[in-house]
There are 2 protein chains.
Amino acid sequence: MTTPSDLASAIKAARRALKLRQAELAAAAGVGVRFLVELEAGKPTAQVGKMLAVLGALGLDCQLVPRSGKAPERRSP
Amino acid sequence: MTTPSDLASAIKAARRALKLRQAELAAAAGVGVRFLVELEAGKPTAQVGKMLAVLGALGLDCQLVPRSGKAPERRSP
DNA sequence: AGTAAAATATCCCGGTCGGGAATTTTGCTA
DNA sequence: TAGCAAAATTCCCGACCGGGATATTTTACT
């Protein structure tokens, strides 16, 4: 879960696993359908709070773990 | 990691553990200092992409895990 | 193949982000 | 304890993004 696209795929997969439609999940999470569409499309400018609300509605929780190759990514390596 | 505030504390703690200043982390992540300040303050409207960039600069990765009490949170239970 | 439902893109306004300077807070030392 | 230096937070303004409702395209099922 490193990029917005990764997050997007994971969310979409989780929603499908629960057999929820976008409108249903959006309503359950208290966000608009458009937001969910863009979130699942990997838009990097989605708001964190609403993203977490969606995860909550999916029954998911977010954990921070050290990276595999654990060297912090610098801006211009 | 359920609310923006949780995320905020975790990020702040991680930054301190690495003995990085806000300006340094912001530069490494390619975001503005003000963004980092607000992110660490738990602002729910921060953008996901930049938040992930910060995590990357901290050497952290985000994992989605089923919730403890795993029933999906509905909007108005 | 046809139709109905679902997913995606568009319109406009309010809100957020970025950069630099000033102000407050933190923490360290004499 | 007092005092200073570094760090963190706040402020202002221009440009771009998020949100609801509608229109259009894509998907799925009979």
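Basis for what follows: all heavy atoms, side chains included, without hydrogens, waters or symmetry-related copies. Residue numbers begin at 1 in each chain, while the letters A, B, ... track the order of the sequences.
- Atom NZ in B:K43 sits roughly 6 Å away from atom C1' in C:dT16 (whole-Å rounding).
- Residue B:K19 contributes atom NZ, which lies 12 Å from atom P of C:dG27 at whole-angstrom precision.
- Comparing B:R34 and B:R16 against DNA chain C, the residue whose closest nucleotide sits nearer the 5' end is B:R34.
- Comparing A:P44 and B:R21 by the nucleotide of DNA chain D that holds the closest heavy atom to each, the one mapping nearer the 5' end is B:R21.
- If you measure from atom CG of A:L39 to atom P of D:dC17, you get 17 Å, rounded to the nearest angstrom.
- Hydrophobic clustering of Ile, Leu, Val, Met, Phe, Trp and Tyr side chains at less than 4.5 Å, counting indirect connections, keeps B:V37 apart from B:L25.
- The pair B:R15-B:E40 counts as a salt bridge, with a side-chain nitrogen and a carboxylate oxygen less than 4.0 angstrom apart.
- Distances shown here put a side-chain N or O of A:R15 below 4.0 Å from the OP1 or OP2 atom of C:dA7.
- Distance B:Q47 CD to D:dA15 P: 18 Å, rounded to the nearest Å.
- Side chain of B:Q22, nearest nucleotide from D:dG18, D:dA8, C:dT8: D:dA8.
- In the set C:dG18, D:dG18, D:dA8, the nucleotide with an atom closest to the side chain of A:E38 is D:dG18.
- Side-chain atoms of A:V37 lie closest to C:dT8 of the nucleotides C:dC17, D:dA8, C:dT8.
- Both A:I11 and A:M1 belong to a single network of hydrophobic side chains, linked directly or stepwise wherever heavy atoms of I, L, V, M, F, W or Y lie under 4.5 Å apart.
- For the atom pair CG (A:L39) and CD (A:Q47), the distance works out to 11.0 Å, reported to the nearest 0.5 Å.
- The CG atom of A:L52 lies 8.0 Å from the OG1 atom of B:T2; values are rounded to the nearest 0.5 Å.
- Proximity of A:K50 to the phosphate of D:dG18: no side-chain N or O atom is located under 4.0 Å from OP1 or OP2.
- The CG-C1' distance, from B:L36 to C:dT16, rounds to 16 Å in whole Å.
- At the heavy-atom level, A:A46 lies under 4.0 Å from the strands shown only through sugar-phosphate atoms.
- The side chain of B:K12 places no N or O atom within less than 4.0 Å of a non-bridging phosphate oxygen (OP1 or OP2) of D:dA8.
- Spacing between atom CG of B:L25 and atom P of D:dT9 amounts to 12 Å, rounded to whole angstrom units.
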